[in-house]
Chemist: 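What follows is a single structure, and I will ask about it in a moment.
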Amino acid sequence: MSEHVTPEAAEQLVQDVSSLYAEQIIIERRAAAPDQERLKALKEQLAACAADREALQDAGPKKSSHLVSLR
């Protein structure tokens, strides 16, 4: 990603992605036969988003752009 992303925009992007993973976890849990592997993968991605959110708290604009480009 070559464009500059503000720390606030990066944090919002991570929050948006976290919300999508959380929603997918709820949907999968409510399925008649939840796919345990999918649930595991979704939970791992949600945990990665939480780690990214923590990293963003101390990140400057350059690091924020880098973290967003990794997702």
Side-chain angles (χ1 to χ4, degrees):
M1 178 178 277
S2 61
E3 61 194 57
H4 172 75
V5 177
T6 65
E8 294 80 14
E11 190 171 332
Q12 184 61 51
L13 287 170
V14 172
Q15 180 58 45
D16 292 347
V17 173
S18 294
S19 294
L20 290 172
Y21 283 127
E23 181 180 327
Q24 289 302 306
I25 289 169
I26 291 168
I27 290 169
E28 191 62 42
R29 283 182 177 161
R30 291 180 179 167
D35 181 336
Q36 295 303 315
E37 287 299 314
R38 183 163 193 264
L39 272 172
K40 180 182 175 192
L42 290 168
K43 289 176 185 179
E44 288 170 355
Q45 290 300 320
L46 186 59
C49 285
D52 287 347
R53 198 169 33 249
E54 283 189 36
L56 284 171
Q57 290 178 353
D58 297 325
K62 187 174 182 177
K63 179 74 172 179
S64 297
S65 294
H66 177 70
L67 285 170
V68 170
S69 71
L70 296 176
R71 290 281 160 209

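Since the structure is predicted, the reported quantities are computational estimates derived from the model, not experimental observations.
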Chemist: What pair of heavy atoms forms the shortest contact from Val17 to Cys49, and how long is it?
Modeler: CG1-SG, 3.7 Å
Chemist: Could you tell me the separation between the NZ atom of Lys40 and the CG atom of Leu42, rounded to the nearest 0.5 Å?
Modeler: 12.5 Å
Chemist: What residues form a side chain to side chain donor-acceptor pair (under 3.5 Å) with Glu23, not counting sequence neighbours?
Modeler: none
Chemist: Kindly give the heavy-atom pair with the smallest separation between Ala22 and Leu46, and that separation in Å.
Modeler: N-CD1, 4.4 Å
Chemist: If you look only at distance, which donor and acceptor atoms sit under 3.5 Å apart when one is on a side chain in residues 28-35 and the other is two or more places apart or in another chain?
Modeler:
residue: Glu28; atom: OE1; partner: Arg38; partner atom: NH1; Å: 3.0
residue: Glu28; atom: OE2; partner: Asp35; partner atom: N; Å: 2.7
residue: Asp35; atom: OD1; partner: Glu37; partner atom: N; Å: 3.0
residue: Asp35; atom: OD1; partner: Arg38; partner atom: N; Å: 3.1

Chemist: Nearest 0.5 Å please: distance from the CG atom of Asp16 over to the CD atom of Glu11.
Modeler: 11.0 Å
Chemist: Quick one: closest heavy-atom pair of Ile25 and Leu39, and the distance?
Modeler: O-CD2, 3.8 Å
